[in-house]
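Read through the structure below, which is laid out as structure tokens, and then see the notes.
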Amino acid sequence: MTLHSARIRGLFKRPTWRAALFWLLPAAFLGVFFYQPLLAIFNLLISPEWGFDLSALNWSQVWEPLRFTFFQATLSTLLTLLVGLPSAWLFAQFTFPGKKTLKLLSTLPFILPTVVVAAGFNALLGPRGWLNLGMMTLFNLDSPPIQFLNTFGAILTAHVFYNTTIIIRVVSNAWSRQNVRFQQAARVLGAGPWRTFREVTLPLLRPAILSATLLVFLFNFTSFGVILMLGGPQFATLEVDIYIQAMHLLNLPLAAILSILQLICTLIITIGHNRINRKDVLSSSTRAQTMPIRKPKRGFETFVVVVLVITLFTLLVSPLAALALRSVVKLDANRGERGEIQQGFTLQYYTALWENPRGSLFYVPPIEAARNSLMFALITIAIAVFLGTLVAYGQNQPSRLNAILDPLLMLPLGASAITLGLGFIIVFNKPPFSTLTFPILLPIAHSLIALPFVVRTLGPALQSIPASLRNAARVLGAKPFRVWWEVDLPLMAPSILVSMIFALTISLGEFGATSFLTRPQFPTLPIAIYRYISQPGALNYGQALAMSTLLMLVCAAGIFLIERLRLPDKEIF
């Protein structure tokens, strides 16, 4: 071995250099496809090409969407906490029939596309929804008594529906991992139940509650599809206004200003979330004896548990059940239909997905949309899992480099999909990325969104592998690749599969960036559903419900597999 090669080998034995080597490709990917588009948005403001004059800007166009975004995100987060915290207590403390099923169903809304959620609430509370139809029949009314769509209440309800699972998962997991001896010590010292909760349990839960609250606020702050489809354009958040300014009014400089504001806010929230998460990890590592889960004993406990279970089923399950049921029931006449309406069970909406008798230009064969979605999802899986594995190995090195790069990796999770799409349009407007034959930017955008979830899944799995196993393999003469193949890969296989399912479901349901980057000849399932919903007529509405139900079943299968395969006590969020 020469002196030069020996120095190189010695260099890569240092943790910082090993971490840098693992981070190299993911950092380059993020730099080219995430931070370059962001810089391009910044550049719009100073580019003479657009002739933008900051002094001539009407600041009310910036202030109003910013103010409303904070207002709706704050109110949505408070309402989510109101539902989520008692539910976290329910899952952390008690066992009851159907608990696993309810926990699985409560996770499903988080990964559903916004178009499916909008279709679900429309089927339950829309003008022709189950609740309105039932009340019209019961009280002999001529018009729907409940006006839900295009209201502020619809936005808040959908946000609570979406994000309650974050509070449940994060807080109930931290609650169930608390060291029960702290509570027992407080009781021995004479503290009652309320004082024990206030002075022992709640302080220990505070990092988890703050972490979950910031995450919920982040998702509410960057909400797009819910605002657009359930609230309407009169409720313009930063996300919706960026979309309107960029795509409808072609006012890219103003869209850029709004995007920058959005990024600053999400960066602050992301950094705060990461710091709280690190504190939570340190506090949880000191646990000794976890709290036992028990059946509700006293009458009051039983009453509260029943009320919470009914509330969760009503809030989280009923819109999805209404969607599936409405897709197989005919209640309206088709456009131009004469005579008596044939009401009752039907599979017409599913069979109509495969027909285009009028030669409509808007017709999207479901198999084609499913094929496009699957093709983009497979590319997303390949990119996200490969880069996520490299990042997980980089984070496994004891280096300060991780503290710098980790928040930069997590920023795409909080960054606006609309901002991302706008940046892509500005930067990648020439071959090979602007090719008309295949929209390669779509799976790249999906990979940026899926990458933080993949890293958060693979990282704990890698850290849980005992170093003694690798050392034993090396002592027996195995080379580095064989150690990875024989030790790391088999032990990480379930987490890799969970990561793949996560990337699959995120890609299948992504709507915000896709609405920017999709091409008419390559519609995805959410885009096809949005096209059906946007067109008048009972048949189009029924087809949207049928396609939404199929997509919902695929997402449900994905979350079921994630629950079965994830590591014990390793939550996704």
Side-chain angles (χ1 to χ4, degrees), residues 34 37-38 40-42 44-45 50 52 57-58 60-73 76 113-119 149-150 152 154-155 158-159 162 218-266 412-429 439 441-442 444-446 448-449 509-520 523-524 526-531 533-535:
F34 184 70
L38 294 189
I41 292 175
F42 280 95
L44 268 183
L45 298 178
W50 290 92
F52 178 68
L57 177 67
N58 181 4
S60 66
Q61 292 181 294
V62 177
W63 167 247
E64 282 304 319
L66 179 64
R67 183 193 62 79
F68 179 71
T69 303
F70 268 104
F71 174 67
Q72 66 84 20
S76 297
T114 50
V115 288
V116 175
V117 174
L149 300 181
N150 298 323
F152 187 49
I155 295 174
H159 282 164
Y162 249 119
L218 182 64
F219 285 124
N220 290 331
F221 193 84
T222 57
S223 176
F224 171 66
V226 164
I227 308 285
L228 191 66
M229 283 182 270
L230 290 178
Q234 70 270 25
F235 297 109
T237 58
L238 283 175
E239 285 276 302
V240 174
D241 219 27
I242 292 168
Y243 178 77
I244 293 172
Q245 296 295 336
M247 300 301 288
H248 292 185
L249 305 178
L250 295 179
N251 189 353
L252 292 186
L254 181 54
I257 289 179
L258 297 173
S259 298
I260 291 168
L261 272 177
Q262 171 107 332
L263 281 170
I264 292 172
C265 295
T266 53
L413 180 63
S416 156
I418 299 301
T419 301
L420 189 62
L422 174 61
F424 272 24
I425 288 176
I426 295 170
V427 174
F428 303 112
N429 55 7
L441 290 178
L442 256 182
I444 290 175
H446 291 178
L448 287 169
I449 298 168
E510 209 288 323
F511 177 71
T514 307
S515 63
F516 256 87
L517 302 172
T518 188
R519 295 185 182 283
T524 61
I527 295 297
I529 294 169
Y530 185 65
R531 285 186 190 177
I533 288 180
S534 303
Q535 297 172 58

Under the side-chain hydrogen bond (donor to acceptor under 3.5 Å, both in side chains) rule, collect the residues that match up with [X], sequence neighbours excluded.
X: Gln61; value: none
X: Asp241; value: none
X: Ser223; value: His159

Can you tell me how far the [atom1] atom of [X] sits from the [atom2] atom of [Y], to the nearest 0.5 Å?
X: Tyr243; Y: Leu258; atom1: OH; atom2: CG; answer: 15.5 Å
X: Ile242; Y: Ile257; atom1: CD1; atom2: CD1; answer: 11.0 Å
X: Cys265; Y: Ile260; atom1: SG; atom2: CD1; answer: 12.0 Å
X: Thr237; Y: Ile227; atom1: OG1; atom2: CD1; answer: 4.5 Å

Phe71: side chain to side chain contact (heavy atoms under 4.5 Å, CB included) partners, not counting sequence neighbours
Phe68, Leu75, Phe152
Return the set of residues passing side chain to side chain contact (heavy atoms under 4.5 Å, CB included) with Phe424 (not counting sequence neighbours), or none when no residue passes.
Phe33, Pro37, Leu420, Phe428, Leu441, Ile444, Ala445, Leu448, Leu517
Least distance between heavy atoms, [X] atom then [Y] atom:
X: Leu238; Y: Thr69; answer: N-OG1, 2.9 Å
X: Glu239; Y: Phe221; answer: CG-O, 4.4 Å
X: Pro65; Y: Ser60; answer: CD-O, 4.0 Å

Gln72 (side chain) donor-acceptor with Asn220 (main chain) under 3.5 angstrom:
yes
Is any side-chain heavy atom of Leu149 closer than 4.5 Å to a side-chain heavy atom of Leu230?
yes
Of all residues at least two apart in sequence or in a different chain, which pass the ring-ring contact (aromatic ring centres under 6.0 Å, His included) check with Tyr162?
none
